[in-house]
Amino acid sequence: MRDRKRLAGAVAAGVLCANSLPHLATAVTGHEHLTPLGGRHSSRWVNAVWGLMNLLGGLALVRGVASGRRRWDSRLVSFSAGAAVFAAWMAGSEAVLRTNSRSS
């Protein structure tokens with residue numbers, strides 16, 4: 001049971017770290033991007049806060065999952081799977097819903 005919790009934590013860490021990237025990039029470039037904090041037209045500062053919250057949460061989970069082991073083993077695969085599933089979901093949802101696309 002403990003291993004399942006560690007793997008689930010690694011998946012969640014992958015999702016959070018992957019989610020932080022578009023928000024931090026949006027903050028740097030000064031564009032708007034959907035966040036739960038500010039809605040569809042969240043400013044660069046709201047995106048910076050949301051991106052940092054996701055990154056710090058993901059890194060905290062990574063630290064908890066690591067538990068002093070030197071090798072990642074299946075936890076690295078789980079982290080990567082979480083990041084990949086999130087990236088695929090975001091690409092698909094953006095292609096269909098166009099939530100963060102700029103209108104011409």
Going by side-chain heavy atoms closer than 4.5 Å, which hydrophobic residues are tied to [X], directly or by a chain of links?
X: Leu7; answer: none
X: Trp89; answer: Val15, Phe86, Met90
X: Leu24; answer: Leu52, Leu55, Leu59

Val62 to Ala13 - nearest heavy-atom pair and separation: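 Result for this residue pair: CG2-CB, 3.7 Å.
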
Closest non-hydrogen atom pair between Ala10 and Arg75, with its separation: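 Ala10 and Arg75 have their closest heavy atoms at CB-O, 3.4 Å.
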
Quick check for you: to the nearest 0.5 Å, what is the distance between Arg6 atom CZ and Ser78 atom OG? 12.5 Å

Could you state the interatomic distance from CG (Leu16) to CE (Met53), rounded to the nearest 0.5 Å? 10.0 Å

Could you list all the side-chain hydrogen bond (donor to acceptor under 3.5 Å, both in side chains) pairs where at least one residue sits in residues 47-60, not counting sequence neighbours? Asn19-Asn54, His23-Asn47

Thr26: what forms a side-chain hydrogen bond (donor to acceptor under 3.5 Å, both in side chains) with it, not counting sequence neighbours?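 None.
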
Restricting to side-chain hydrogen bond (donor to acceptor under 3.5 Å, both in side chains), what partner residues turn up for Thr35, sequence neighbours left out?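 Checked Thr35 against side-chain hydrogen bond (donor to acceptor under 3.5 Å, both in side chains); matches are Ser42.
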
Assigning hydrophobic clusters by single linkage (Ile, Leu, Val, Met, Phe, Trp, Tyr; side-chain heavy-atom cutoff under 4.5 Å), is Val11 placed with Leu76?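 No, separate clusters.
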
